[in-house]
Protein chains: 2
Amino acid sequence: MAEASQSRVAAGARADDGTERKDRYHHGDLRESLIEATRALVHAKGAEHFTLADACRFAGVTTAAPYKHFRDKQEILEIVCQRGFEKLKADTAHAVEVAGPGTLEAIQLMGRAYTTFASTEPNLFRLMFGQNSDLKTAGIVDEAGTGCLAYLIEQVALFIEKQGRAEDPRHVALKLWTFVHGASCLLIDHDYDKVAPGLDVEALVNSASRDILGS
Amino acid sequence: MAEASQSRVAAGARADDGTERKDRYHHGDLRESLIEATRALVHAKGAEHFTLADACRFAGVTTAAPYKHFRDKQEILEIVCQRGFEKLKADTAHAVEVAGPGTLEAIQLMGRAYTTFASTEPNLFRLMFGQNSDLKTAGIVDEAGTGCLAYLIEQVALFIEKQGRAEDPRHVALKLWTFVHGASCLLIDHDYDKVAPGLDVEALVNSASRDILGS
DNA sequence: TTGCGAAGTCAGCGGCACTAACTTATGTAA
DNA sequence: TTACATAAGTTAGTGCCGCTGACTTCGCAA
């Protein structure tokens, strides 16, 4: 009994090069291992250079193995993408907790969480928000994306109410999101680099937030 | 003599399916034909689904032929990318001409030209502004991108001066660019769709422009 | 007229996504 | 304890891709 369950424990069986050791026929948890490999490879090289074959080498299995766990290459990317949205959602929620709801600081900290996420996980960010129409049709993005924006609208509504102003919080939130998203894209795609080297993106976002919030 | 020079005239030799007819050994202007095929295919299917082999079929040559004219696949994409920047630059310049320099309308029309370019050529826009670090290192993007922003800074400087205000036109222009770029990305990547279906992007951009310009 | 070089073709390499058929290991039920 | 169904691997192979080297065709200039 105890003997049998031991073969399930495959985690940590790694060689020096970080790839999985091939010392038993069954992997243990290939599914999770491939997802993690995909996440790491996308992080390192970008989704457009990610190959399933690389992930297989990383996990120490043949290139046919993934198809016991996933429909195709796209499905693994979808899962990685989905986990990215969960992380982003958690990050922005954390920002509100720290700053206190309905404050300018909360809104600015949410923006900062967004740009920080983008700059620490640029390739994942591109995967999440890029075209990739195949991903989008899966509907994965919708729920998570809507959730993130809903948080922001909520905070903006609270803030506007406190200020005693009569703007549409949805409209204001969309403008904030648009700006922060633009800043994230231009930052991670290095489009600011030549044009405004050493730009302080956080300051830019905070400045624009004040413009848009009218304060 | 007249006979010989005729074989140079290959333009317009197209079959019903739009592909080049194969009625002579030399193509005539394969280089330009491949660039145009690449532009069309990127437009239709996106750079990530573009294959050189497709472009060759379109031009009616074998898959080895492009390498007489281009280093590799990347080089054709670079050229298409560069022409895209030239188009964007011309479009924004035209906007200023129409609206008159230094006006709010000029600035807003430049923004509109940007989002219109993005939405009529979404795949080209992504190619131009996406990571694609291989493209970026080529330096093609730098000159063109800097040129576009320089126009904007100029107009913003004129506008601010007229208003008699003492802001840094560079800083203001960067905010405007950031917003317009964000709006373009979210629009073409269909990220607005679920969250704000039927959103009037032009109105959003104009509203934000007023916020940022403080008028 | 000829010959050289530009611009094609052909055949082939390695890598990728994916599949069909086969093999191994594992948990369950007799 | 053993037999077996099945989950989870492998092997071998397909077709497409980017790219290369060796060969061929053609246009131009001497």
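Residue numbering restarts at 1 for every chain, and letters A, B, ... go by the order of the sequence lines.
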Whole Å only: how far is the CD atom of E75(B) from the P atom of dG18(D)?
-> 15 Å
K68(A) atom NZ is separated from dT6(D) atom C1', nearest whole Å, by 11 Å
Can you tell me the distance, in whole Å, between the CG atom of L30(B) and the C1' atom of dT25(D)?
-> 15 Å
For D54(B), which residues count as a salt bridge (Lys or Arg N to Asp or Glu O under 4.0 Å) partner, sequence neighbours excluded?
-> K45(B), R57(B)
Can you name the ring-ring contact (aromatic ring centres under 6.0 Å, His included) partners of Y192(B), sequence neighbours left out?
-> W177(A)
Any side-chain N or O of H69(B) under 4.0 Å from OP1/OP2 of dA6(C)?
-> no
Distance-only criterion, 3.5 Å: show the donor-acceptor pairs between side-chain atoms of residues 59-67 of chain A and protein atoms not counting sequence neighbours.
none

Report the distance from atom CZ of R31(A) to atom P of dA8(D), rounded to the nearest whole Å.
-> 11 Å
Using whole Å, report how far CZ of F70(B) lies from C1' of dG18(D).
-> 15 Å
Taken in chain and number order and not counting sequence neighbours, the residues that satisfy side-chain hydrogen bond (donor to acceptor under 3.5 Å, both in side chains) with K68(A) are none
Footprint string (nucleotides 13-20 of chain C, 5' to 3'): B base within contact, S backbone only, - free, heavy atoms under 4.0 Å | ---SSBB-
Are R39(B) and E36(B) within salt-bridge range, i.e. N to O under 4.0 Å?
-> yes
Under the side-chain hydrogen bond (donor to acceptor under 3.5 Å, both in side chains) test, which residues partner R31(B), sequence neighbours left out?
-> none
